[in-house]
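The block underneath contains the structure these notes are about, expressed in C-alpha cells.
Because only heavy atoms are used, hydrogens play no part in the values below, and waters and symmetry mates are left out as well, while side chains stay in. Both ligands and their constituent atoms are indexed starting at 1 by order of listing.
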Amino acid sequence: MRKLLLITLILVSSVVLGQEYPYQNSELSIEERVDNLLSIMTLEEKVGQLVQVNFSKVLTGPPADDSDAFIRENIKKGKIGSVLNLVSAEQTYEAQKLVQEHTRLKIPLLMGLDVIHGHQTMFPVPIGLTASWDTGAMMLSAQVAAREAASQGVHWTFSPMVDISRDARWGRIMESGGEDPYLSSQVAAALVKGYQGDLSEVTTIAACAKHFAGYGFAEGGRDYNTTEISLNTLHNVVLPPFKAAVEAGVATIMNGYNDMNGRPVTANSYLQQDVLKDQWGFDGFVVSDWNSIGELMIHGFAEDKKHASSIAMNAGNDMDMMTYGYFNHLEELVKEGQVSEARLDESVRRVLRVKFRLGLFEDPYAYSNKKREKQELGSKENLAATKEVAKKTFVLLKNDSKLLPIKKELKNVALIGPLADHKDVALGNWRAKAITNSAVSIKEGLSGLLPKSTELRYAEGCALSTGNRGFLDQFEMNESDTTGFNEAIELAKNSELVVLALGEDCYQTGEGRSKVSIQIPEVQIELLEELVKVNSNVAVVLMGGRPLDITRIEALAPTILMTWLGGSEAGNAIAEVLIGEYNPSGKLPVSFPRSVGQEPLYYNRKSTGRPTGPDNKVNWSRYIDSPHDALYPFGFGLSYSDFEYADLELSSDKMKRGEEIEVKVNLVNTGSYDGEEVVQLYIRDHVSSMTRHVKELKGFQKVMVKAGETKGIVFKLSEKDLEFFSANQKWEAEPGKFSVMVGGNSRDLQELAFTLED
Ligand code: NOJ
C-alpha cells in the first residue's frame with residue numbers, strides 16, 4: 001500500500017514538473033530513478049548501456065571492424081552507452097547530442113579516457129608520484145587532471161592502476177603504486193578521492209581502479225602474460241589496493257587481460273562477483289579491458305564471441321569495452337536464458353547509478369564546456385601544481401662528498417647528457433592531451449635558477465634515440481653513437497661540477513613495453529665513464545619509469561638523483577632540487593635491483609626455510625654471483641639533511657585484542673638543512689597459520705624536521721594492523737609474537753617486539 005502511494009506520488013510530482021518519466025526527477029533518490037528507468041527500458045536499450053566503443057582516431061588497443069558512421073548510427077539507436085578516447089568540448093558535445101536528439105530515453109553517453117598522470121598538464125608518472133609518499137600531493141595531481149579532463153567532456157578516467165608491481169621488466173610498473181600493498185592502498189584512495197570528490201561537480205570525474213586482478217604478476221614481466229597467484233598472495237598482496245579504492249568510493253573497476261590460475265580474470269566470478277560485489281559491497285560497475293572479452297577466445301576459454309560474452313556477463317563483468325560481444329549477442333543470450341534478465345538488470349543498474357551520480361541526467365552537456373576548456377588546459381595554476389608535486393617525487397639515491405646541492409660559489413656547471421635539454425621524455429607515456437615537447441627541460445630550469453655568477457655550459461654528449469619517437473613509433477635507442485663525446489669531455493674537463501642527465505625514453509615503459517634489460521643504453525654509461533675520468537664531480541640525474549639496474553652507474557658516480565618522468569614542469573622542479581631550494585624527500589616505492597636477474601624483487605618477501613647464513617657455505621637461499629638484496633631497497637631515499645632514529649619505545653609489550661599500543665621514536669635532524677623524512681613502520685608476525693612476510697609496511701609519516709631539531713613521532717598500532725588473510729580464509733589477527741620496526745627505509749630499521757594476547 002505504502003509502495004503504491006509512493007509510486008503515485010512520484011508520478012504526480014513528475015507530471016507537475018513537466019517531466020515525462022520519474023527518472024528525470026532529481027528530487028528522487030538515485031535508486032528510485034534507476035528503478036523507474038529499468039522498468040521502462042527495452043531489452044535492446046538495456047544492452048546498449050553495457051556497450052563501450054572507441055569513438056576516436058586515437059586507438060589505445062587493436063582496432064575493431066567499425067567506423068565513425070557506424071558508431072554514430074548506433075549511438076542514435078541507443079545501442080551504445082559509452083565511448084572512449086573522444087575528447088574536446090566540441091566533439092563530446094556533438095556526440096552527446098546524438099543521444100539527446102535521437103534516443104527515446106536520452107540516457108546520457110558516458111565518455112572515458114586514460115587520464116593517467118595528468119591530462120594536458122602532466123604530473124609525474126604514477127610510480128614517481130608514489131615516491132612522494134605524500135597523499136596530499138597525489139590527491140592534488142588527480143584533482144587537477146580531473147578538472148582539465150572534465151572541461152573537455154571527459155566523465156571518467158581509467159585510473160588509478162593499482163596493480164602491485166614487483167617486476168621491473170614489466171613496462172606497466174610505471175603506471176603503478178609500486179610493490180607494496182599498504183603504500184599502494186594509500187595511493188589508490190588518494191587518487192580516487194582526488195578524481196572523484198563526491199562526483200557531483202562538473203570538475204570531478206569517475207575513477208576506475210584497474211586491472212582486477214593480478215595483472216602485475218605477469219610471468220617474466222612480459223606484458224599480458226599468464227599469472228599464477230595463490231589465494232594467500234591474492235588476498236594479502238594483490239587485492240588490498242582494490243579494497244582501498246572501493247572503500248574510497250571508486251565508481252568503476254576494470255578487469256584485465258591476464259589468465260590467472262587457469263582462468264582469465266575477465267571470466268573470474270570469484271573475483272568480480274564474490275569478492276568485489278558480494279563481500280566488499282562495491283556498487284559501481286566493472287568494465288572489461290579493451291577487447292578482453294574477445295580475448296577469452298584466444299586464451300582458449302571461449303568458442304566464439306557469443307560464448308565469451310556469456311562467460312564474461314555471468315562472471316560479473318558489466319560493461320564490454322571494444323569487443324562488440326555484448327552489442328552483437330547479449331540480447332540473444334538473455335532471450336535464450338543463457339544470461340538471466342536479473343543479471344542483465346544488475347549490470348545496467350550499476351552503469352546507470354554512475355551516470356546519475358555524475359549528474360549527467362541533470363545536464364548531459366555540463367562537462368563539455370569550451371570556456372572552462374580554455375581556462376583549464378595547461379593553466380598557470382595547474383603548472384604550478386605539477387611543479388610542487390614533482391619536486392616531492394625525486395629520490396636522492398647517493399650524495400657522496402655532498403656534491404648536491406650545487407654550491408653557490410661555483411663559477412661554472414657543465415650540464416651534459418641526452419636528457420639534459422629534452423623537452424618530451426619527462427611527459428611520460430599515457431600522456432592524454434599533453435603537447436609534444438612541452439616539458440620544461442633541465443637546461444631551461446637550471447638556467448633560470450643558477451646564480452648569475454655561475455655559468456651554465458651545455459653539451460648533449462650523445463643522442464637519446466634515432467628515428468621518430470612516439471606512442472606507436474618503433475624507434476631505436478642510441479646504443480653506440482659517440483659523436484658528441486669529445487665536446488662533452490672537453491666541457492667536463494674545464495668545469496667545476498658536471499650534472500649528467502641520463503636514462504630511459506618514456507616510451508620504453510607503459511603498455512606492451514616490457515624489457516629484458518633494465519640498464520640504460522650502453523652509450524650513456526660509456527659517456528659517464530669518460531666524464532669521470534676527467535672530472536670526479538659528476539652528479540647523475542636519472543629519468544625513467546621503472547626501477548633501473550644502475551649498478552654500473554652507482555660504481556662510477558658520487559651522486560645520483562632519480563627523477564622518474566617528472567611531468568610538464570620536470571626541469572624547473574629538478575633545478576629547484578639541484579640548487580637546494582627544495583630538499584629532496586622522495587623514497588623508493590620499488591626496490592632497485594643489482595641486476596635484472598634478481599627480478600621480481602621486493603622487500604616484503606617470505607622467509608624461506610633457509611633465508612641466510614654467514615656460516616652456511618652452500619645451501620642457503622642466495623645467488624652465487626650476486627648478493628640477493630636490493631642495491632637500493634624499498635623506502636630508501638636520502639636528503640640534504642641527515643636523520644637519526646633514537647629511543648624506539650612501545651607503550652606496552654603486550655597488546656590485548658581491541659586495544660592499541662603506541663610506537664614512539666625520536667627523529668633527529670643532525671644535518672644543516674631543514675628537511676622532510678618519511679618515517680616508516682613495519683611489522684613482522686613471527687608464527688602464523690600461513691607463512692608471513694619478513695617485513696610489512698603498516699604505517700608512515702612524512703614529517704618536516706628543522707636542522708638540529710628532534711621530533712617525537714608516534715604511531716598507533718591496533719589489532720587491525722596485524723590482520724591478514726589466514727588459513728581460515730578470512731582476515732584476522734593471530735595471537736603471538738610480533739616485531740615492530742621503524743626507520744627511514746625497509747633495510748635500516750630499529751626493532752622491538754610485543755605479543756598479541758587473546
Ligand atoms: C588497455 C589497457 O590495458 C587499459 O589500462 C586501458 O585503460 C584501456 N586499454 C583503454 O585505453
Side-chain angles (χ1 to χ4, degrees), residues 51-64 66 82-87 110-119 125-127 142 145 149 154-165 170-177 188 191-192 195 205-218 221-227 241-242 245 250-260 264-266 284-296 298-299 312 317-324 428-434 471-472 507 509-514 545:
V51 175
Q52 185 188 48
V53 302
N54 187 67
F55 195 22
S56 158
K57 301 262 170 299
V58 178
L59 288 168
T60 47
D66 58 8
S82 176
V83 297
L84 77 154
N85 288 338
L86 187 69
V87 54
L110 183 67
M111 317 218 200
L113 183 77
D114 290 283
V115 180
I116 306 297
H117 56 105
H119 183 69
V125 291
I127 192 81
V154 174
H155 311 127
W156 175 26
T157 173
F158 306 122
S159 169
M161 187 189 102
V162 301
D163 296 310
I164 294 296
S165 307
W170 191 48
R172 300 196 80 170
I173 196 168
M174 172 276 283
E175 293 170 55
S176 78
L191 291 178
V192 168
Y195 287 127
I205 57 181
C208 178
K210 68 187 186 185
H211 304 83
F212 197 62
Y215 181 40
F217 279 58
R222 182 159 58 82
D223 206 3
Y224 314 122
N225 206 2
T226 305
T227 58
F242 286 99
V250 74
T252 71
I253 299 273
M254 184 187 293
N255 55 37
Y257 292 123
N258 54 307
D259 173 341
M260 191 177 91
V265 293
T266 302
F285 68 87
V286 178
V287 62
S288 76
D289 203 343
W290 179 297
N291 191 39
S292 70
I293 298 177
E295 290 184 15
L296 294 181
I298 311 173
H299 278 293
N317 178 95
D318 299 308
M319 183 183 279
D320 169 0
M321 179 195 286
M322 278 306 278
T323 296
Y324 279 102
N429 200 346
W430 281 124
R431 50 170 70 183
K433 296 295 280 182
F471 181 57
L472 292 176
Y507 292 119
T509 47
E511 193 180 345
R513 268 82 173 179
S514 296

Check your understanding: Do His119 and Thr157 have side-chain heavy atoms sitting under 4.5 Å apart?
Key ->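 With C-beta onward as the side chain, the pair stays apart.
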
Using a strict 4.0 Å cut-off to heavy atoms of [X], name the atoms of ligand 1 that fall inside it.
| X | result |
| --- | --- |
| Phe158 | 7 (O) |
| Met254 | 4 (C), 7 (O) |
| Lys210 | 4 (C), 5 (O), 6 (C), 7 (O) |
| Tyr257 | 1 (C), 3 (O) |

Review point. Do ligand 1 and Thr60 have nitrogen or oxygen atoms that lie under 3.5 Å from each other?
Key: yes

Review point. Quick check: does Trp290 get an N/O under 3.5 Å from an N/O on ligand 1?
Key: no

Can you tell me if [X] contacts ligand 1 (heavy atom of the residue under 4.0 Å from the ligand)?
| X | value |
| --- | --- |
| Glu175 | no |
| Met161 | no |
| Asn85 | no |

Point to revise | Exercise: identify the closest heavy-atom pair between Asp318 and Phe285 | key: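 Looks like OD2-CA, 3.4 Å.
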
Revision key, fill the gap. Closest non-hydrogen atoms of Ile205 and Val154, given as atom of the first, atom of the second and distance, are CG2-O, 3.2 Å

Review point. Does ligand 1 have a heavy atom under 4.0 Å from the side chain of Met322, from its backbone, from both, or from neither?
Key: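 Neither part.
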
Review point. What do we get for His211 next to ligand 1 when only non-hydrogen atoms under 4.0 Å count, side chain, backbone, both or neither?
Key: side chain

[Y] backbone acceptor or donor facing [X] side chain under 3.5 Å:
| X | Y | answer |
| --- | --- | --- |
| Asn225 | Ala218 | no |
| Asn317 | Ser288 | yes |
| Ser82 | Leu110 | yes |
| His299 | Tyr257 | yes |

**Study point:** Test ring-ring contact (aromatic ring centres under 6.0 Å, His included) applied to Trp430 and Phe158, step by step
**Key:** CA-CA 11 Å; Trp430 281 124; Phe158 306 122; 8.9 Å; no

Review point. CD of Glu175 to CG of Asn429: how many Å apart, nearest 0.5 Å?
Key: 7.5 Å

Exercise for review: Could you name the option among Val58, Asn54, Asp289 that has the heavy atom nearest to atom 8 (C) of ligand 1?
Suggested key: Asp289

Practice item. Identify the protein heavy atom lying closest to atom 11 (O) of ligand 1, giving its residue, its atom name and the separation to 0.1 Å. Key: Asp114 OD2, 2.5 Å

